[in-house]
Amino acid sequence: MQSAMFLAFQPNFGSMEKSASGYPKGEEKREKMKRTIIKDWKTRLSYFVQNSSTPGKPKANKKGKQQAFIRPSPEEALLWSETFDELLANKYGLAAFRAFLKSEFCEENIEFWLACEDFKKTKSPQKLTSKARKIYTDFIEKEAPKEINIDFQTKTMIAQNIEEATTGCFTTAQKRVYSLMENNSYPRFLESEFYQDLCRKPQITREPQAT
């Protein structure tokens, strides 16, 4: 009887297979992937900055030379913590935020927001309609490749509105995605090691004076 009770209370180790590090294998793989993406942030920033607004080549100055995207000063980076809009208005800040969202596997939110910003600037009715359909296909419809997390009612309203597209087609959805980023991803970005490093003033090392 005792042996039967002992067997009944043995933990099922087979159902929780762990790696040598102590994490379940799936979680360890996800953590490893996240660390790899974060490690690549600095090398990816130049690319993200150049593609953070409108597609095309980097702007050239009067002498025809391409502008370099320079690392912001700690004082400039600190401004990004004042408001979410301050971060989005800065090209380097936007690039850093996009890279951060990529590391969290939710970059579709900022990509949708940027697509909406571009959409609202469109003047041609023909281009407005084609862009509206592309945004719907990429971000809104069920199982879209970059599907954003919005409610069914908003999705239905957008599907109806794009038939006669106006610049306000995605206003409700864009506001909700903005709020989601501002209240969730933005605070985590400000606490991230990468952002804290940008805000840190470089230490001045003094050479020992000769005696």
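Just so you know, these numbers use all the heavy atoms, side chains as well, and skip hydrogens, waters and symmetry mates. Model, not experiment: these values are computed from the prediction.
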To the nearest 0.5 Å, atom OH of Y178 lies from atom OG1 of T171 at 14.5 Å
Working for side chain to side chain contact (heavy atoms under 4.5 Å, CB included), residues T172 and I150
CA-CA 10 Å; T172 301; I150 56 174; over 6 Å; no
Any chance you could lay out the side chain to side chain contact (heavy atoms under 4.5 Å, CB included) test for F84 and F189, step after step, and finish with the verdict?
CA-CA 11 Å; F84 187 40; F189 169 76; over 6 Å; no
Following the transitive rule for hydrophobic clusters with a side-chain heavy-atom cut-off under 4.5 Å over Ile, Leu, Val, Met, Phe, Trp and Tyr, establish whether L180 and F97 coincide in one cluster.
no
- Query: Does atom CD of E164 have more than 12 heavy-atom neighbours, drawn from other residues, nucleotides or ligands, at distances under 6.0 Å?
  - Reply: no
From the list F119, W113, F112, ring pair (Phe, Tyr, Trp, His ring centres under 6.0 Å) with F139 holds only for F112
All heavy atoms of K102 vs all of E107, minimum pair found to be CA-OE1, 3.6 Å
Distance col, row T83:OG1 vs E182:CD, nearest 0.5 angstrom, shows 8.5 Å
Output for pair (N161 CG, T154 OG1), nearest 0.5 Å, gives 10.5 Å
Value for SG (C199) from CD (E76), rounded to nearest 0.5 Å, stands at 10.5 Å
Note: A144 and D138 closest approach over all heavy atoms is CB-O, 3.4 Å
Practice prompt. Please answer: with hydrophobic residues joined when any side-chain heavy atoms are less than 4.5 Å apart, are L190 and M181 in the same cluster?
Written response: yes
I'd like to know if the side chain of S179 and the backbone of K175 have a donor-acceptor N/O pair within less than 3.5 Å. no
Heavy atoms of I158 and C169 approach each other most closely as CG1-O, 3.7 Å
If you count heavy atoms of other groups shown closer than 6.0 angstrom to CZ of R188, is the number above 12? yes
Under-4.0 Å salt bridge between K201 and E75:
yes
Rounded to the nearest 0.5 angstrom, the OG1-NZ distance for T129 and K131 is 11.5 Å
Q174 side chain near E117 side chain, heavy-atom distance below 4.5 Å: yes
### Message
Do the side chains of R71 and D197 get close enough for a salt bridge, i.e. N-O under 4.0 angstrom?
### Response
yes
Worksheet item: Are L128 and T167 close enough that some pair of their side-chain heavy atoms sits under 4.5 Å apart?
Response: yes
With the 4.5 Å side-chain cut-off for hydrophobic clustering, are I110 and L198 part of the same group? yes
For E86 and L79, the nearest pair of non-hydrogen atoms, with its separation, is CG-O, 3.2 Å
Residues at least two apart in sequence or cross-chain that pass side chain to side chain donor-acceptor pair (under 3.5 Å) with N149, listed by chain then number, are none
Rounded to the nearest 0.5 angstrom, the NZ-NZ distance for K121 and K123 is 10.5 Å
Taken in chain and number order and not counting sequence neighbours, the residues that satisfy side chain to side chain contact (heavy atoms under 4.5 Å, CB included) with Q196 are R200
4.5 Å side-chain heavy-atom contact, P72 and W80: yes
Correct closest heavy-atom pair for N109 and V177 would be O-CG1, 3.5 Å
Measure the shortest side-chain to side-chain distance between F100 and Y195 over non-hydrogen atoms and say whether it is less than 4.5 angstrom. no
Original post:
Side chains of F170 and I162: does their closest heavy-atom pair fall under 4.5 Å?
Top reply: yes
Those residues at least two apart in sequence (or on a different chain) that pass side chain to side chain contact (heavy atoms under 4.5 Å, CB included) with T156 are F152, Q160
